[in-house]
Amino acid sequence: MAILAPSRGCFFKINPESGGAEGSGFYKVEGLTSPADSSAILVNGVHIKDDDVVMPVITLENTRILYSFGANFGEVTVTGSILLGKAGSAGDALKTLLDFFKSNRVSEKKDTITVSGPPGASWKLFLIGMQLSEPDPQFHIQPFSLIGNIAQPK
């Protein structure tokens, strides 16, 4: 698992297993890769909310009944950062992210993308939104989020 170590004007990616700076990180979004000779696109985390559709009922005799109607669409937020590099230049990385969203959003692709994490954890999701936050001038990063609904666990 890669470790990200920020410092003013720099962002180091360290892979403790091999002692080098390579490594794919903990999470991966299928099809989203950093363009060659450009700033890196890093997936920092995946937030999952998965639940059932239920209706709790309390009767007059204080009996509690829970009706279950099946699984709800789970919500997924993939958070990441684009390393901006010198003088806030993201190269083609921001365009790559925008193109990935435009071509994989559910209104365009009508199919799922795969997000994977630790071994055995993988989700197929419908990509329904993207959010770009303001750049962080101290660490020269551009935070982003990809938002989706779980189609099914893989």
Side-chain angles (χ1 to χ4, degrees), residues 1-7 10-55 66-86 88-136 138-154:
M1 177 171 135
I3 298 170
L4 304 177
S7 66
C10 300
F11 213 103
F12 297 97
K13 184 176 179 188
I14 304 162
N15 186 342
E17 285 83 22
S18 65
E22 66 278 348
S24 62
F26 199 58
Y27 294 101
K28 182 178 178 188
V29 177
E30 184 180 46
L32 180 61
T33 57
S34 301
D37 299 326
S38 184
S39 298
I41 299 174
L42 304 175
V43 177
N44 299 337
V46 178
H47 307 275
I48 305 287
K49 179 184 179 264
D50 200 4
D51 57 1
D52 291 334
V53 178
V54 297
M55 184 178 77
L66 183 66
Y67 293 102
S68 175
F69 302 101
N72 199 356
F73 277 98
E75 299 171 9
V76 178
T77 303
V78 177
T79 58
S81 299
I82 297 172
L83 306 185
L84 296 177
K86 294 180 180 178
S89 169
D92 291 331
L94 186 56
K95 182 181 180 322
T96 299
L97 177 67
L98 294 172
D99 289 345
F100 173 81
F101 173 70
K102 287 178 184 176
S103 63
N104 287 286
R105 65 192 305 169
V106 72
S107 62
E108 182 68 27
K109 186 178 178 185
K110 304 199 183 336
D111 200 3
T112 60
I113 63 170
T114 302
V115 175
S116 57
S122 180
W123 303 271
K124 289 193 174 287
L125 60 101
F126 294 109
L127 188 57
I128 61 170
M130 181 187 70
Q131 179 178 350
L132 285 173
S133 301
E134 61 186 46
D136 182 338
Q138 181 179 4
F139 297 118
H140 298 251
I141 59 174
Q142 171 75 61
F144 68 89
S145 298
L146 297 171
I147 301 150
N149 285 339
I150 296 176
Q152 65 183 25
K154 184 175 180 187

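Positions are given from 1, in the same order as the sequence printed here. As a basis for the values below, the full set of heavy atoms in this structure was taken, side chains included, without hydrogen atoms, waters or symmetry mates.
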J.: Can you tell if the side chain of L97 reaches within under 4.5 Å of the side chain of Q142, non-hydrogen atoms only?
T.: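 With C-beta onward as the side chain, the pair stays apart.
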J.: Tell me whether the count of non-hydrogen atoms from other residues, nucleotides or ligands lying under 6.0 Å of CZ in F73 goes above 12.
T.: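 Atom CZ in F73 is not crowded, with 12 or fewer foreign heavy atoms closer than 6.0 Å.
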J.: Can you name the residues that form a side-chain contact (heavy atoms from CB on, under 4.5 Å) with A71, not counting sequence neighbours?
T.: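 Checked A71 against side-chain contact (heavy atoms from CB on, under 4.5 Å); matches are D52.
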J.: Could you check if a side-chain atom of L94 sits within less than 4.5 angstrom of a side-chain atom of L132, using non-hydrogen atoms only?
T.: yes
J.: Quick one: side-chain contact (heavy atoms from CB on, under 4.5 Å) partners of V76, sequence neighbours excluded?
T.: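 Partners of V76 by the side-chain contact (heavy atoms from CB on, under 4.5 Å) criterion, ordered by chain and then number, come out as V46, I48, V78, L125, I150.
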J.: Contact between L146 and L32 at the side-chain level, heavy atoms closer than 4.5 Å - yes or no?
T.: yes
J.: From F144 CZ over to F100 CZ, what is the distance, rounded to the nearest 0.5 angstrom?
T.: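 The distance works out to 9.0 Å.
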J.: Does any N or O in the side chain of S34 come within less than 3.5 Å of the main-chain N or O of I41, such that one atom is a donor and the other an acceptor?
T.: yes
J.: Any non-hydrogen side-chain atom of D50 less than 4.5 Å from a side-chain atom of W123?
T.: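 Not in contact.
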J.: Can you name the residues that form a side-chain hydrogen bond (donor to acceptor under 3.5 Å, both in side chains) with E30, not counting sequence neighbours?
T.: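 Once residues adjacent in sequence are excluded, the partners of E30 under the side-chain hydrogen bond (donor to acceptor under 3.5 Å, both in side chains) criterion are T114.
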J.: So which atom in I147 and which in M130 form the shortest heavy-atom distance, rounded to 0.1 Å?
T.: CD1-N, 4.4 Å
J.: Sequence neighbours excluded, which residues qualify as side-chain contact (heavy atoms from CB on, under 4.5 Å) partners of Y67?
T.: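 Residues passing side-chain contact (heavy atoms from CB on, under 4.5 Å) with Y67: M55, V57, I65, F69.
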J.: Identify the two heavy atoms, one from A151 and one from T112, that lie closest to each other, and give their separation to 0.1 Å.
T.: CB-CG2, 3.5 Å
J.: Quick one: side-chain contact (heavy atoms from CB on, under 4.5 Å) partners of Q131, sequence neighbours excluded?
T.: S133, S145
J.: Just jot down the salt bridge (Lys or Arg N to Asp or Glu O under 4.0 Å) partners of D99, sequence neighbours excluded, or say none.
T.: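 So D99 forms a salt bridge (Lys or Arg N to Asp or Glu O under 4.0 Å) with K95.
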J.: Testing the basics here: between G148 and I128, what is the closest heavy-atom pair and its distance to 0.1 Å?
T.: CA-CG1, 3.9 Å
J.: Quick one: salt bridge (Lys or Arg N to Asp or Glu O under 4.0 Å) partners of D51, sequence neighbours excluded?
T.: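 Per chain and number, D51 pairs via salt bridge (Lys or Arg N to Asp or Glu O under 4.0 Å) with K49.
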J.: So which atom in Y27 and which in G117 form the shortest heavy-atom distance, rounded to 0.1 Å?
T.: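 Looks like CD2-CA, 3.5 Å.
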J.: When rounded to the nearest 0.5 angstrom, what distance separates CG in N104 from CD1 in I113?
T.: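 Between N104 CG and I113 CD1, I get 6.0 Å after rounding to 0.5 Å.
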J.: Which pair of non-hydrogen atoms, one from N44 and one from S81, has the smallest distance, and what is that distance?
T.: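 Shortest heavy-atom contact: ND2-OG, 2.8 Å.
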J.: If you measure from CD1 on I82 to CG on D92, what distance do you get to the nearest 0.5 Å?
T.: 11.0 Å
J.: Just to verify, what does K109 make a salt bridge (Lys or Arg N to Asp or Glu O under 4.0 Å) with, not counting sequence neighbours?
T.: none
J.: Evaluate I141 against L42 for side chain to side chain contact (heavy atoms under 4.5 Å, CB included), listing each step before the verdict.
T.: CA-CA 10 Å; I141 59 174; L42 304 175; over 6 Å; no
